[in-house]
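A short worksheet on the structure shown next.
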Amino acid sequence: MKDNPVVSVTHTDNYQLEQVYADMHTHFERLGLSQYLRPGMHVLIKPNLVLKRSPEEATTTHPVIVEAIVRCVQEYGVTDITIADSPGGPFTESALHGIYAMSGMSGVAERTGAKLNYDTGSFVRKRMENKLVHRFTLIQPIQNADFIINAVKVKTHGMTMLSGGVKNLFGTVPGLMKPEFHWRFPDKSQFCEMLVDLCETIAPNLTIADAVVSMEGDGPTGGVPKQTGFLLSSLSPYALDMALCKMIGLSFGEVYTVKHAVERGLCPKDISDIRIVGDELIRIPDFHMPKSKSIAFSEKIPRVFRPITDKLLTSKPVIRKKDCVGCGKCAESCPAKTIRIIDKKAHIQYKKCIRCFCCHEMCPIRAIDIKRFKLFDW
């Protein structure tokens, strides 16, 4: 890392298009995008479209953010712009139609002329320098892109703690291939090491964080909206994630994507070595973390007792049977295949559960809670 990375910050407190567009234009200028974007390029915008949710639920990247990005890119003479993501569940054209419509991306495409991706094909990209995974199967639009814009929705996350620049790129893995990675890397640290490998393999050119309204609590889909009032951008997804940690009050050590990026020399060890430009990056007070957040004193327990204490202290997904409709989305997304639908209700076999919280993330009606040992459930 030759130079200190730059993170641009604007205090953007609403989703009025002209305001967001003006602030986005400022971000593009601060980061010197004129030296990268040019006519004839194929630009890919990768938002977070994990589920079929409306923008007001703060689960997906807000369409106004994506529209502002498209408009700014078009100012550089770029006309070939594609919006693409592989949401949770099967990666099919019919599923994409529904998610694009509900998330507001269909409207963005209609108003701007940007294309929505319906190509459900994939390709394999190798990167032998990676630490854990040297080849990834990725959605086809990644291969076709000259410039990739990683458009993040800022959220807490039950497994990775932060859904930011690095985690958002997990949506480049096609559909139900994602649970396979949870099965291969059930340990949080290793899973995040894999995510850093993925980020290095994709190498996004620009990362923009929608933190106008973020999600706190049991994210990335079961939390609640939180007004935070920021737009952040950086050429480095790792520096941006470090800034997001500061914003919501997470230590770098408990967000393993940041921790591993620092260990690999992809990010400075301290945020003081990141150039924050523009508005002040303010810590958001009382930003609620997921219940899966580790208990601080658990690491001080002698290793001989860890197998017992881990069962007590590790959070687990719990299905609210009265609300479960038996749709099977949780079973479909479970990498350990530990969920069964019996009498139109989901049931978890906890002996096999790897605590990845994929079921919690993919439940369309939020009928799955994250619970921990009652003594620590504050």
Fellow cluster residues of V50, listed by chain then number, with links counted only when side-chain atoms sit under 4.5 Å apart: L51, M362
Measure across T112 and Q74 and return the closest heavy-atom pair with its distance rounded to 0.1 Å. O-NE2, 2.9 Å
Quick one: sort the Y76 and F28 rings into parallel, tilted or perpendicular, breaks at 30° and 60°. parallel
Using modelled atom types only, decide if a donor and an acceptor are shared between the side chain of T156 and the backbone of G217 within a distance under 3.5 Å. yes
More than 12 non-hydrogen atoms from neighbouring residues, nucleotides or ligands closer than 6.0 Å to NZ on K321, yes or no? yes
For T60 and S103, run side-chain hydrogen bond (donor to acceptor under 3.5 Å, both in side chains): C-alpha distance rounded to whole Å, both residues' side-chain angles, the deciding distance at 0.1 Å, then the answer. CA-CA 7 Å; T60 55; S103 66; 5.4 Å; no
Do the rings of H360 and F357 sit parallel, tilted or perpendicular, given the 30° and 60° boundaries? perpendicular
Does a side-chain heavy-atom distance below 4.5 Å link I148 with I142? yes
How are the rings of F191 and H182 set to each other: parallel, tilted or perpendicular (split at 30° and 60°)? parallel
Shared hydrophobic cluster, V213 / M215 (ILVMFWY, side-chain heavy atoms < 4.5 Å): no
Side-chain ion pair, R366 and E361, N-O less than 4.0 Å: no
Hydrophobic cluster (4.5 angstrom, side-chain heavy atoms) - remaining members for I368: V318, I319, I339, I348, Y350
Quick one: which of T82, N144, D146 gives a side chain to side chain donor-acceptor pair (under 3.5 Å) with H42? T82
With the threshold set at 4.0 Å, does a side-chain nitrogen-carboxylate oxygen contact exist between D80 and K115? yes
So do the side chains of I45 and V70 get within less than 4.5 Å of each other, counting heavy atoms only? yes
Would you check if there is a donor-acceptor pair between the side chains of S233 and H27 at a distance under 3.5 Å? yes
Distance-only check: which donor-acceptor pairs under 3.5 Å involve side-chain atoms of residues 328-337, not counting sequence neighbours?
residue: S333; atom: OG; partner: K329; partner atom: O; Å: 3.2
residue: S333; atom: OG; partner: C330; partner atom: O; Å: 3.1

Do you know the tightest heavy-atom contact between P5 and D273? CD-O, 4.1 Å
Can you tell me if CZ on R320 sees more than 12 non-hydrogen neighbours from other groups inside 6.0 Å? yes
Check this for me, if you would: do E180 and R184 make a salt bridge, where the nitrogen-to-carboxylate-oxygen distance has to be below 4.0 angstrom? no
Other residues, nucleotides, ligands: >12 heavy atoms within 6.0 Å of K52 NZ: no
Taking atom types as modelled, find out whether N130 and T201 have a side-chain donor-acceptor pair closer than 3.5 angstrom. yes
Side chains of F230 and D279: closer than 4.5 Å at any heavy-atom pair? no
In terms of side-chain geometry, is the basic nitrogen of D197 or R264 positioned less than 4.0 Å from the acidic oxygen of its partner? yes
Using the six-membered ring wherever Trp is involved, compare the ring planes of Y15 and H62 and label them parallel, tilted or perpendicular (cut-offs 30° and 60°). parallel
